[in-house]
Amino acid sequence: MTTHVSTETDGATRVFTWGEGARIEVRNLGEEIVVEANAAGLKTLAGHLLTLAQDGTPDGTHLHLEENNGLAEGSVSLVLERCDDE
């Protein structure tokens, strides 16, 4: 089953999609953050990043991924955010 989440920011609707069987785990190892995922999870993350990169997506648009909300049990939270400031 594929899951879609739609968000609207400044009148622009963005759809974030989780592929069937996607598994994504984020671990904090102190000096490093490890993002571990199966093929479906990597495609899902790539899709999320491409969605944030779409033309017209406002600066500051973001997606929260948390344990049991897109990430595997035991994961630390991850925020994907667009920031056009240099």
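All residue numbers refer to positions in the sequence shown, counting from 1. Please read all numbers here as calculations on a predicted model, not as lab measurements.
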Checklist entry - When rounded to the nearest 0.5 angstrom, what distance separates CG in Leu49 from OG1 in Thr44? => result 11.0 Å
Next on the checklist: Please determine whether residues Leu52 and Val35 belong to a single hydrophobic cluster, defined as Ile, Leu, Val, Met, Phe, Trp and Tyr linked transitively by side-chain heavy-atom distances below 4.5 Å.
Outcome noted: yes
Checklist entry - Are the side chain of Arg82 and the backbone N or O of Gly60 linked by a donor-acceptor pair below 3.5 Å? => result no
Item to check | Backbone N/O of Thr57 and side chain of Thr61: donor-acceptor pair under 3.5 Å | outcome: no
Item to check | For Val15 against Thr51, the heavy-atom pair lying closest together | outcome: O-OG1, 3.5 Å
Next on the checklist: Quick test of your reading: applying salt bridge (charged side-chain N to carboxylate O under 4.0 Å, His left out), list the pairs with at least one residue in residues 61-77, sequence neighbours left out, ordered by first then second residue.
Outcome noted: none
Could you give the side-chain donor-acceptor pairs of residues 22-30 under 3.5 Å, partners two or more places apart or in another chain?
residue, atom, partner, partner atom, Å
Arg23, NH2, Glu36, OE2, 3.2
Arg27, NH1, Glu36, OE1, 3.2
Asn28, OD1, Gly30, N, 2.8

Checklist outcome for this item: Nearest heavy-atom approach of Val79 to His62 is CG1-CB, 4.1 Å
Item to check | Contact list for residues 33-60, test ring-ring contact (aromatic ring centres under 6.0 Å, His included), sequence neighbours left out | outcome: Phe16-His48, Trp18-His48
Next on the checklist: Determine whether a donor-acceptor pair (N or O, by modelled atom type, separation under 3.5 Å) exists between the side chain of Ser75 and the backbone of Leu71.
Outcome noted: no
Next on the checklist: With a 4.5 Å cut-off on side-chain heavy-atom distances among I, L, V, M, F, W and Y, is there a chain of contacts connecting Leu78 to Leu63?
Outcome noted: yes
